[in-house]
Amino acid sequence: EEGSAAYLKDEDALSWWYSWRWSGSAVETTATLLTNLLAIDSKDPLVSSLAEFLVRKRSGHWWNTTRATAKVVTALSDYAGATGEFDASYSLRLLVNGKQREEYVVEKGKLIRGSQVISLPATELKRGENRVSLTGKESQGAFYLSANLDYTVPPEVAMQSPGLIIERQFYRLKAKRDGDRWRLERLPLQPGEKVAIGEEVEVRLTVDAREDMNFLILEDRLPAGFEVREFREDPRFSSYSEYWGLSAHKERHDERMAYFMNNLPAGRHEFRYIVYPELEGSVIALPASVWPMYVPTFRSESSPWTFQVVR
C-alpha cells in the first residue's frame, strides 16, 4: 500500500531490463488488476484504492509510456462507469496557499465550468512549501487533484544512467577521389572550432550498453542552421557501411536525427551521419540522448557542443 492507495509491486528492483515487460511495471499490473477486479466485483473495497494509485502516478497527461497510458485510461474508464462517477454532479474550489484560484462545476460527470489548466505566476508562489487544495460540497462522486512541475536545466547538466552511456564526437570530413573510388578523411573537431558554410561534418554517436537492451530510442538534436546530408545516392558516401548503423528504423527531422532499435546487444556501438551548416554564427548542439522506450527514466545524455560557422 501507499497511503490509502494500493498497487501491485513491480519487478524493477530485480533487474532494470525486466521492467520493459508489462508485468514489470507497477502501473500496468495495477491497471490490469483493477480491470479484472471490476469485472468480478465492482463493490470490492480494494477497487477505489487501486484507482487512487493510478491517478497518483499520472505524469502530465500520460503514464510513462503509450502502452501504460492505454491500459490506465481503459481501467479508469471502467472504474468511473462501475462506480457511477459518470452520473455524479458536484462543485469544487481550487485553492493555492489558501486563496481561491478557480471554481468548478460538474454535472452528470461533465465539467461545465472551470479551466482544466491553471498557470500560476511566480509572484504568487512562496519559497519553500506551497499548499494546493481542492474542496467540494454536496459531492455525489469522487474528485482528484494532480500537479505537474516542469523545469529546465542548462544543457551542460547531462544525465547519465549506470550501464547506458552515450558519447558524441564531430569530425571534419574530406572526400577525395582515389581512382574509381572515393576515400574519406576524418579530422577530429574541438568544441568551438570554426567550420565553413557547406562544409561536411561527420556526427559520431557511441552507445555503450552494459546489458542487452530492447526497444531503444536514440535522438540527436541538430545545431541551428545545420542540415543532414542525404548519402544514399551520393557516390562519395554510399559505399561506407558505417553510415547504416544498427537501427531498425531511422528518421530525419527538421531539428533532430532519430534512431529506433528493436534490439541492442551489450557492448559498444556507433551510429554515424553527416551534417553541413547553411548559416554563419555561433551555435550549440544540444545533448544527444538514448533511452529504452518502456523505461524512459533510464536515460543518458551526451555533452553539448558549440560551433563557430564562418563563410
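All figures in this text were calculated on a predicted structure; none of them were measured in a lab.
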With a 3.5 Å cut-off and sequence neighbours excluded, list the donor-acceptor pairs that the side chains of residues 153-169 form with protein atoms.
residue : atom : partner : partner atom : Å
Gln160  : NE2  : Glu301  : O            : 2.6
Ser161  : OG   : Arg299  : N            : 3.0
Ser161  : OG   : Arg299  : O            : 2.7
Glu167  : OE1  : Arg268  : NH2          : 3.0
Arg168  : NH1  : Asp220  : OD1          : 2.6
Arg168  : NH1  : Leu286  : O            : 2.8
Arg168  : NH2  : Ala285  : O            : 3.1
Arg168  : NH2  : Leu286  : O            : 3.0
Arg168  : NH2  : Ser303  : O            : 3.0
Gln169  : OE1  : Tyr171  : OH           : 3.3

Exercise for review: Could you give me the CA-CA distance, side-chain angles and deciding distance for Tyr273 and Val228, then say whether side-chain contact (heavy atoms from CB on, under 4.5 Å) is met?
Suggested key: CA-CA 8 Å; Tyr273 66 99; Val228 176; 4.2 Å; yes

**Study point:** Steps toward side-chain contact (heavy atoms from CB on, under 4.5 Å) verdict (Leu38, Val47)
**Key:** CA-CA 7 Å; Leu38 286 168; Val47 163; 3.7 Å; yes

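- Sorted by first and then second residue, the salt bridge (Lys or Arg N to Asp or Glu O under 4.0 Å) pairs involving residues 104-116 (not counting sequence neighbours) form an empty list.
- Side chains of Val96 and Arg131 form no contact here, defined as non-hydrogen atoms less than 4.5 Å apart.
- At a threshold of 4.5 Å between side-chain heavy atoms, the hydrophobic network of Ile, Leu, Val, Met, Phe, Trp and Tyr places Leu125 and Ile118 in one connected group.
- A salt bridge is absent between Arg256 and Glu251: the closest approach of a Lys/Arg side-chain nitrogen to an acidic carboxylate oxygen does not fall below 4.0 angstrom.
- Judged by distance alone, with hydrogens and angles left aside, the side-chain atoms of Thr32 form a donor-acceptor pair with the main-chain N or O of Glu28 at under 3.5 Å.
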Check your understanding: Can Met257 and Glu219 be said to form a side-chain contact (heavy atoms from CB on, under 4.5 Å), step by step?
Key -> CA-CA 6 Å; Met257 278 292 293; Glu219 287 189 344; over 6 Å; no

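- With contacts defined as side-chain heavy-atom distances shorter than 4.5 Å, the pair Leu173/Val201 does not qualify.
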Review point. Could you go step by step and tell me if Glu230 and Arg252 meet the side-chain contact (heavy atoms from CB on, under 4.5 Å) rule?
Key: CA-CA 10 Å; Glu230 177 55 61; Arg252 181 180 66 177; 4.1 Å; yes

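- Residue Ile197 is grouped with residue Leu222 when hydrophobic side chains (ILVMFWY) are merged at heavy-atom distances under 4.5 angstrom, including chains of intermediate members.
- For the pairing with Val309, the side-chain contact (heavy atoms from CB on, under 4.5 Å) check across Pro277, Pro223, Ser282 returns one residue only, Pro277.
- Val27 and Ala68 get closest at one heavy-atom pair: CG1-CB, 4.3 Å.
- Counting heavy atoms of neighbouring residues, nucleotides and ligands inside a 6.0 Å radius, atom CZ of Arg177 exceeds 12 of them.
- A 4.5 Å side-chain heavy-atom check between Leu189 and Arg172 finds at least one atom pair inside the cut-off.
- For the pair Leu134/Arg93, no side-chain contact is recorded, criterion being any heavy-atom separation below 4.5 Å from C-beta on.
- Heavy atoms only, all atoms of each residue included: Gly198 and Arg229 are closest at O-NH2, 4.3 Å.
- In terms of hydrophobic clustering, with Ile, Leu, Val, Met, Phe, Trp and Tyr side chains grouped at heavy-atom distances under 4.5 Å, Tyr79 and Phe86 are assigned to different clusters.
- Looking only at distances, a side-chain donor or acceptor of Trp63 sits under 3.5 Å from a matching main-chain atom of Leu54.
- Checked for salt-bridge contact, Arg272 and Glu202 meet the test: a charged N lies under 4.0 Å from a carboxylate O.
- Side-chain atoms of Ile217 and Val290, non-hydrogen and from C-beta on, never get closer than 4.5 Å to each other.
- Remark: side-chain polar atoms of Asn97 are not paired, donor with acceptor, to backbone N or O of Asn130 under 3.5 angstrom.
- A 4.5 Å side-chain heavy-atom check between Asn214 and Asn262 finds every atom pair outside the cut-off.
- Rounding to the nearest 0.5 angstrom, the gap separating the CD1 atom in Ile274 from the CD atom in Glu200 is 6.5 Å.
- Under a 3.5 Å cut-off, the side chain of Ser49 and the backbone N or O of Ser4 do form a donor-acceptor pair.
- Heavy atoms only, all atoms of each residue included: Lys194 and Val310 are closest at CD-CG1, 4.1 Å.
- Taken from CZ in Phe271 to OH in Tyr259, the straight-line distance is 8.0 Å, to the nearest 0.5 Å.
- Taken to the nearest 0.5 Å, the NZ atom of Lys99 stands 12.5 Å off from the CG atom of Leu94.
- With salt bridges taken as basic N to acidic carboxylate O contacts below 4.0 Å, one links Arg101 and Glu124.
- For the atom pair Gln100 CD and Thr135 OG1, the distance stands at 7.5 Å (nearest 0.5 Å).
- Considering every non-hydrogen atom in both Thr30 and Ala6, the closest pair reads CG2-O, 4.0 Å.
- The number of heavy atoms from other shown groups lying within 6.0 Å of CD (Glu185) is above 12.
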Exercise for review: Decide salt bridge (Lys or Arg N to Asp or Glu O under 4.0 Å) for Glu199 and Lys174; before the verdict, give the C-alpha distance in whole Å, the side-chain angles of both, and the deciding distance to 0.1 Å.
Suggested key: CA-CA 9 Å; Glu199 186 173 9; Lys174 300 290 185 182; 3.7 Å; yes

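- Under the 4.5 Å side-chain heavy-atom criterion for ILVMFWY residues, no single connected hydrophobic cluster contains both Trp62 and Phe215.
- In this structure, Tyr90 has its ring center at least 6.0 angstrom away from the ring center of Tyr104.
- Tyr276 is not connected to Val203 by any chain of hydrophobic side-chain contacts under 4.5 Å among Ile, Leu, Val, Met, Phe, Trp and Tyr, and they are in different clusters.
- For residues 277-288, the salt bridge (Lys or Arg N to Asp or Glu O under 4.0 Å) pairs, not counting sequence neighbours, are Glu280-Arg311.
- Between Phe226 and Phe307, the ring center distance clears the sub-6.0 Å criterion.
- Two residues are said to be in side-chain contact when any heavy atoms from C-beta on lie closer than 4.5 Å; Leu34 and Asp78 fail this criterion.
- Residue Arg186 comes nearest to Leu184 through the heavy atom pair NH2-CD1, 3.8 Å, listed as atom of the first residue, atom of the second, then distance.
- Here the CG atom belonging to Leu37 is positioned 4.5 Å from the CG atom belonging to Asp44, to the nearest 0.5 angstrom.
- What you find for Ala88 and Val106 is that their closest heavy atoms are O-CG1, 3.9 Å.
- Separating the CZ atom in Phe170 from the CD atom in Glu193 is a distance of 12.0 Å, to the nearest 0.5 Å.
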